[in-house]
Structures are given as structure tokens and as C-alpha cells.
Amino acid sequence: MNPYSPLDALLSNSQVQNAVTKKTQACFEPSLDYIVTKIPRWDMTKFEGVSTQIGSAMKSVGEVMSIGRTMEESLQKAIRMVDPSNPGFAPREHFTKEALLTELQVPTDRRIFAIAQALYEKTLSVSEIHDITKIDHWFLRRCEAIVKTWDKIKASTLDGIGHALMLEAKKNGFSDQQLAECLGVTEEEVRSKRKSFDITINTKQIDTLAAEYPADTNYLYTTYHGQEDDVESANGGVMVLGSGCYRIGSSIEFDWCGVSAIRTLRELGKTATMVNYNPETVSTDYDECDRLYFDELSAERIRDIYEKDNAEGVVVSVGGQIPNGLAIPLDKAGVKLLGTPAKMIDNAEDRMKFSDMIDDIGVQQPRWRELTSAESALDFAKDVGYPVLVRPSYVLSGAAMNVAWSDEQLKACLTEAAQVSKDHPVVISDFIEGAKEIEFDGVVKDGEIIAAAIHEHIENAGVHSGDATLVLPPQDLTAYQMERVRDAARKIAKRLNITGPVNIQFVAKDTDGACCESFNDHFELTYNMLTIDYSIRSHVY
């Protein structure tokens, strides 16, 4: 028999200090002044033939959590968090009328975009969508409010838009990029116009108490509602960008990297600020860092926080591809990046630039060609023979990276790659069958390798490293192959002037030496605590 009753527990909780407020007790009724939106992430496209229907079965691989002062603001932020390619509450792909009704009737991961299409195109009313989906009218009216704001903006111009409409748009969760697309201008022009109205973010504090009791926590979010900040500017410190939502091929390892980075920064006496929106992580525990922003990983939001807190610099190398992809726009905006220069990050992430560089420094790689047209791709495949590997630039966890075995498959792969890599080159290379995959992980300072390890994949080449099994130390590599890997790594690190982490993947077949397959200048899956510590110290000093 349990000697403790619920009343005993209640009395005990009334005497326990609240970990958030630091002043009140744990047991009392909170009063909320913010809205949280959580959206799961489904990676249905990773599997062929899988049902996209959402039911009681657990199919999601991760989730996001956004915080705002209204449903409109919180929802739009959450949709962007699920995938950076989502602009917000807006149509993603065009459904036919029949397909639209099907998407509304049967819950899938695309249902929110079907609702957006119906409201933006005015093909269905809120009542009709409610009748089909059974979604409560209140939520659908919030979605309708977003569309009404969009319609007002669409009817205006950048010069004609006033303070009131700009503020309404930002309060309803529209990003500068969304507004730029609507107005037919650049994102930078929208940002300049917005700041001319003195419309900037306010930093709010998560206290779960709505100022009913004093709170003392660094759990923060940004909003365009309110008239003042809940906390003062950090006035310095280093911003570390987290990994965002978990997905297949990009998971808890990046959270571990982020946490290790902020712990090292604090050991060095630096104020550590974490920006992330994944509620499943340790990096979003408010006691891990000096300041935690539960907010978007976008160029707009990072610039906002960077300017408001007068940060010393930003670390983009410990969160995987999402923060790494922000290096170029942040650098162009004048944000100080700690570690490898943005230009060199671009040289590594841009498939064509990287392949050109590999040829120039004399490192062996599979035959390749930049995609300029479907015809040139088919000609290349005919020349080298199938299979071939299609490789987009700046993609998350191997997205749209596929092996094609025929003309038909190649055409389908090219279409998918062009969709996910619209602004960057797509490269096609010879795929070496039956080859062994080798990974080199290291920490580099000013182009010189200071710590490194070589890993061997259990699976043959072609399995994404996020899904592969690795062994350390390698079991079947020859001394010649190991030396080829080391030599190539030294040349690549030197040419790119890396400062921070480096991950290089090689393939080797039979007794042949290793060929460079791909490169990452951010932390991958196989780092240990020592390399994280070395890398962060190389960033700061």
C-alpha cells in the first residue's frame, strides 16, 4: 500500500520552489499570455509506397514548437519551422479540385496546405472546410485572418504600404520573405521598410505566469506584439544555432553537438545564447545556456536577435544543414560568423564549386558534370554508364540525393533535385557500385588539422551517413587507403581555410585508393566531446 496520498503530494508541491520563477512555489494555477503551436514532422517521402494518411499510428520523426502572442503568429512560425522551404500558411503545391477535397477529407501531412489553397483561392468557405474536415471554426477563422491580411498586402505596393498594415502583417506571423514575394520586391527592401516604421521584435519571457508572479528565467521568444522587452539586451555573447526539427538522417547527434558547444563557451567565460525550436532537445532546456531563444532558424530572425543582443558572433557549424545554409545570407548582412568563412562554406556546399576545387587540387573523385539540362544529364549517363548519382547542393539529410539506374529514373531524380535545390547547382556523378565508404572527421584551425579520426561504414557506399552504421577504428582499410584519405583531407582543409569541424566522405573499391565523395564543414554524426571542445575553442580564439 502506498503510504502517500494525492493530498500529501499536493502539500509537498506547495513547499517546493518553482524552478522557473525562483521565488514562488511549484503548486499554483498559471495564467498564460502566449500561444504555443506544436507540429509534427513526417518524412513520408523517404519511403516508397508508404501511406501518407495520419491516424493513431506513430509516424512522425520529430516535432517543432513555436511561441507567439496570437494563433496567427504562432501557426505561421511553426509551419516554417517544420521545413525551411515552407513560407508559412500558404499553398505549397497546386491540388486539382478533386485532389483538394481528398486532402481535406483524409488527414495527411499535406492537409494544412490544402486548407491554405482553399482559403487563398476562395474555392471553399470556412463553413465548407469545417464540414469536410470537422476542424473547429475558431482555428479556421484564424487561418482566414492570415489570408485576409495577405489580400490587403497584395492590393498594395511596398511604397504604398503603411505602418498599420505592416504591423498587422508582422503580428499575424508574416516573414519578410513572405511579404517580399507578395509585393514583388526583395526581402532586404521589406526589412528596410519595416525598420523605417520602427517595427522590430520584442523579446518576451516564458514564465507561464503572465506577470502574475515575478519570473527569473532565460526562456525567451520574440514577437511583434507588445511594446517593450521583458528582459534587457544580452549586450554581447556568442549565439549558437541549433539543429531545428529532427528528421531522418539528422537527429539527436546535432543537439548533442549544440549542447557541448554552449557548455564549452560557458567554460571559456563567454555568454552563450542558443537559438532552437525543437522541444525534444537538451539544448532547449533553459538551464543549459545563458539565454535560450525558442524561435525560428531563419536569416531574418537570427539577424533580429544578433542586432538586439549586440552579439559577438554566431556559430553555424554545430546544428547541421539548416544553420549551415544560413551562412551566406547572414554574412552578406554583416553578421560575424565564427569559424570557417562564409565564402569557403559556399565553396564546400555548392556541388559544382566543390567538384571544381577537388579537380584543381589534384584529389581523385568520381567523374561528374553539372546539371544544365535533362539532355546533358542523359548524355553523361550514357557516357559513364548507369548507375549515376544525382547530388543537389545545400540539402538536408540527403534530400533528393538519389541513385538512378535508367533514363526514366534519372529524369524523375532530376525533377526532384531541381525542386529542392532551386537556387544552387545540381551535380551528376558516376556511382561506384560495391564500394566501401570512408569518413574523415576532424577539427581544423586556419586550414591545419589539429584532431582527426577515420571511420569505416559497414554498409557499402550509397547509404546516407545519417542512416549508416560506422565503426571506429576501421577494420578493413589498407594503410595505403588510410594515407590517401589523410592526404586528401589535408589538401581540402588547406584550400578551404577551414576553422572548426570538417567531415569528408570517401569511397574506395578493391585495392584502389580513396576517391573524395562529399564534404561537410559542419559537425556530422561521429564527433566526440574532445573534438567539440577543440572546435569551439578554435572558433573563439
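Remember, predicted model here, so these are calculated numbers, not experimental data. We're numbering straight along the sequence, starting at 1.
Salt bridge annotation for Lys343-Asp346: absent, with no cationic side-chain nitrogen under 4.0 angstrom from a carboxylate oxygen. Using a cutoff of 4.0 Å between basic side-chain nitrogens and carboxylate oxygens, Glu300 and Lys170 are scored as salt-bridged. The pair Arg142-Glu72 meets the salt-bridge criterion, since a charged nitrogen lies less than 4.0 angstrom from a carboxylate oxygen. We find that Lys38 and Glu280 are not joined by a salt bridge, their nearest charged nitrogen and carboxylate oxygen being 4.0 Å or further apart.
The aromatic rings of Phe294 and Tyr219 lie parallel to each other, their planes meeting at an angle below 30°, with 60° marking the opposite boundary.
To the nearest 0.5 Å, atom CZ of residue Arg191 and atom OG1 of residue Thr186 are 12.0 Å apart. Rounded to the nearest 0.5 Å, atoms CD1 (Ile492) and CD1 (Ile504) are 4.0 Å apart. Annotation: the span from Ile67 atom CD1 to Tyr277 atom OH amounts to 13.5 Å, rounded to 0.5 Å. One distance of note links CD of Glu312 with CG of Leu338; it measures 8.0 Å at 0.5 Å rounding.
The side-chain contact (heavy atoms from CB on, under 4.5 Å) test with Ser283 singles out one residue from Val275, Leu292, Val240, Asn276, and that residue is Asn276. Screening Lys171, Lys77, Lys204 for a side-chain contact (heavy atoms from CB on, under 4.5 Å) with Thr223, the sole residue that qualifies is Lys204.
The two residues Tyr224 and Glu73 make their nearest non-hydrogen contact at N-OE2, 3.2 Å.
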Item to check | From CA spacing to verdict: side chain to side chain donor-acceptor pair (under 3.5 Å), Asn172, Gln76 | outcome: CA-CA 8 Å; Asn172 278 349; Gln76 292 233 69; over 6 Å; no

